[in-house]
S.K.: 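I have a structure here, written as structure tokens, and I will follow up with some questions on it.
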Amino acid sequence: MASIIEGYLGKRVDGTKSRMPARLDRWQSASGLFLGLFMWGHMLFVSSILISKDFMYTVTKMFEGSFLFAQPHPIIVTLSVTFVFAIFIIHAGLAMRKFPYKWKEYKMLKTHAFALKHEDTNLWMVQAFTGFMMFFIGSVHLYILMSNADKIGPFASSDRVWSDGMWPLYLLLLFAVELHGSIGLYRLCMKWGWCNGTDARAARKRLKKVKWAVTAFFLTLGLLTLAAYVKIGMEHRNDYGQRYHPTAIIAPLHLSAQEVPS
Amino acid sequence: MPDTAQNKGRMLTFEILQYNPSDPQSKPHMVTYHLEETLGMTLFVALNMIREKFEPDLAFDFVCRAGICGSCGMMVNGKPLLACRTLTKDYPDGVIRLMPMPSFKLIKDLSVVTGQWMDGMSKRVESWIHSKEEVDITKLEKRIEPEVADATFELDRCIECGICVSSCATALMRPDFVGAVGLNRIARFDIDPHDERTAEDFYELVGDDSGIFGCMTLLGCEDNCPKNLPLQEKIAYMRRKLANVKDTGGGLEIRVEG
């Protein structure tokens, strides 16, 4: 009944304001923080291909539970991706509340941003635009990974990138994620004053530099990584679907006493 | 000073919006004026010269001419500035486009009513000391630590010019947003020990999406405030404080009669 009264009258029965706006604000920031940090880790793991195919294979198997089980279990990846997908949807739902949703609002925002030439306002425009892009391209990627968790590996991923024609989507996704994520993490620090220290203005200047350095680092790493998967995918296109076998596996050694060299 | 070629200033081009919303015949349009620049010319000086020489009807607001009264905020090439503190020499190409500040009620041309907006904001954040203590004005005011007084006065430097509102895309998109000026005011009363309001009380005033949680941290306010108020820092502080207000209310009391 209290909820119905609040819904109709916009006021709680004891006359106080709902705490929901505070909760939504915290959840928006928390989900964004999780996704931003997750994407840093994700990019580092994906870029393992730049070291070697074997290393990428090992990382993949690690996420399939190789450190716990004798056999890989891609279901672990499916569950992890499902969890990330859920956070992604929650974040999208919370963040879209900030979008200009009427033409008049959009017109005002566009006129203002173009006239003001203010970096942080423009960065927000980039964030809103890349966020909107990711509703679609991010969902495609997450769904494919969720439903094909066993098809991650040096060859399987490269086949997906090149032979399955996913590279244009990944190229767009790379820019969208890295720009949105680094701007978002910077904005989170500003929004909650986490990095203000004793001189908030100096801290902001430093943080802005760090933000651009992080963007440049992850974009470079991402482009090199995508190029590596494209290269492997092109070389592997005639063997499409064939899985990678690591060149060296440390297997348990069973030697009888006679076989042990003296 | 003799009017020689050496003393001649460059020609400035002013594009000024002209519109009178109370005149049904009036249509918003830009009018261009050319004016010779003088030494140390501010927009205040330039606008007065334009009014004297070309457009006696031109409306714009000024009171103090020294960046204290906060009356002369306007959009100068898209950026909200106090016209009295804006030098024409800072525009190398000599083209200056003046528009009234958006988000405030337009009277005419460059003249807007910031007072009406600020009045609404002041009422919303209950911009006065809340205290149960009976004040005896014949006695000295309750003493507070000098550091606390300084921190309060620091935020009291706000001149309500409206520049933080006009530089904030959130405030422009959502006219019910309380704006940095309102959140700064909340932070000011939060510091002031004379005010007995708690975080719960402030939550009731700005704890929603048109208040503290509506701020998208675009930082236009922080970067354009002519008084350099620490708006990012104070809004972040209030956000932390109000986001953690405990939920103790909301329960339903059912009264059964008969």
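Here is the naming used below: chain letters follow the sequence lines, and residue numbers restart at 1 for every chain. Hydrogens, waters and symmetry mates are skipped; everything else that's a heavy atom, side chains included, is used. Keep in mind that what you see is a predicted model, and the values were worked out from it rather than measured.
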S.K.: Are B:Val31 and B:Leu17 side-chain neighbours, meaning at least one heavy-atom pair lies under 4.5 Å?
M.R.: no

S.K.: Are A:Phe135 and A:Phe132 near enough that their ring centres are under 6.0 Å apart?
M.R.: yes

S.K.: Given that the side chain runs from C-beta out, which part of A:Ser18 has a heavy atom under 4.5 Å from chain B: side chain, backbone, both or neither?
M.R.: backbone

S.K.: So which of B:Arg97, B:Met75, B:Arg239 has the largest heavy-atom pair count under 4.5 angstrom toward chain A?
M.R.: B:Arg239

S.K.: What part of A:Arg26 lies closer than 4.5 angstrom to a heavy atom of chain B: side chain, backbone, both or neither?
M.R.: side chain

S.K.: Counting neighbours of CZ on A:Phe136 that are heavy atoms of other residues, nucleotides or ligands and sit closer than 6.0 Å, is the number greater than 12?
M.R.: yes

S.K.: Given heavy-atom pairs under 4.5 angstrom as the criterion, report whether the side chain, backbone, both or neither of A:Tyr186 touches chain B.
M.R.: side chain

S.K.: Can a salt bridge be assigned to the pair B:Glu222 and A:Arg201 using a cut-off of 4.0 Å between side-chain N and carboxylate O?
M.R.: yes

S.K.: Which atoms of B:Asp201 come close to chain A, meaning under 4.5 Å heavy atom to heavy atom: side chain ones, backbone ones, both, or neither?
M.R.: neither

S.K.: Need one label for A:Arg97: side chain, backbone, both or neither, based on atoms under 4.5 Å from any heavy atom in chain B.
M.R.: both

S.K.: Side chain, backbone, both or neither: which part of B:Leu81 has an atom under 4.5 Å from a heavy atom of chain A?
M.R.: neither

S.K.: Among B:Pro102, B:Pro80, B:Gly78, B:Gly207, which residue forms the greatest number of heavy-atom pairs with chain A at distances under 4.5 Å?
M.R.: B:Gly78

S.K.: Within a radius of less than 6.0 Å around CZ of A:Phe99, do more than 12 heavy atoms belonging to other residues, nucleotides or ligands occur?
M.R.: yes

S.K.: Could you tell me which portion of B:Arg174 (side chain, backbone, both or neither) has an atom closer than 4.5 angstrom to a non-hydrogen atom of chain A?
M.R.: side chain

S.K.: Could you look at A:Asp25 and say if it's the side chain, the backbone, both or neither that has a heavy atom under 4.5 Å from chain B?
M.R.: side chain

S.K.: Are B:Glu154 and B:Arg157 ion-paired here, with the side-chain N under 4.0 Å from a carboxylate O?
M.R.: yes

S.K.: Need one label for B:Thr170: side chain, backbone, both or neither, based on atoms under 4.5 Å from any heavy atom in chain A.
M.R.: neither

S.K.: Got a sec: does the CE of A:Met96 have more than 12 other heavy atoms crowding it under 6.0 Å?
M.R.: no

S.K.: Is there a donor-acceptor pair under 3.5 Å between the side chain of A:Arg12 and the backbone N or O of A:Lys17?
M.R.: yes

S.K.: Shorter than 4.5 Å, heavy atoms on both sides: which option in B:Lys79, B:Gln232, B:Glu233 has the most such pairs with chain A?
M.R.: B:Gln232

S.K.: Side chain from CB out, backbone as N, CA, C, O: work out which of these in B:Leu219 comes under 4.5 Å of a heavy atom of chain A, or both, or neither.
M.R.: both

S.K.: Among A:Lys11, A:Lys98, A:Glu6, A:Met20, which residue forms the greatest number of heavy-atom pairs with chain B at distances under 4.5 Å?
M.R.: A:Lys98

S.K.: Quick one: which of A:Lys107, A:Lys117, A:Arg23, A:His118 has the most heavy-atom pairs under 4.5 Å with chain B, could you say?
M.R.: A:His118

S.K.: Counting heavy-atom pairs closer than 4.5 Å to chain B, which one of A:Ala22, A:Ala115, A:Gly15, A:Ala113 comes out on top?
M.R.: A:Ala22

S.K.: Do A:His141 and A:Tyr170 have ring centres separated by under 6.0 Å?
M.R.: yes

S.K.: Assess whether atom OH of A:Tyr106 is packed by more than 12 heavy atoms of other residues, nucleotides or ligands within 6.0 Å.
M.R.: no

S.K.: Using a cut-off of under 4.5 Å for heavy-atom pairs, which of B:Ile212, B:Asp209, B:Val245, B:Asp223 has the most such pairs with chain A?
M.R.: B:Asp223

S.K.: Has B:Trp128 got more than 12 heavy atoms of other residues, nucleotides or ligands less than 6.0 Å from its CH2?
M.R.: yes

S.K.: Between A:Arg204, A:Glu105, A:Lys191, which residue shows the highest count of heavy-atom pairs closer than 4.5 Å to chain B?
M.R.: A:Lys191

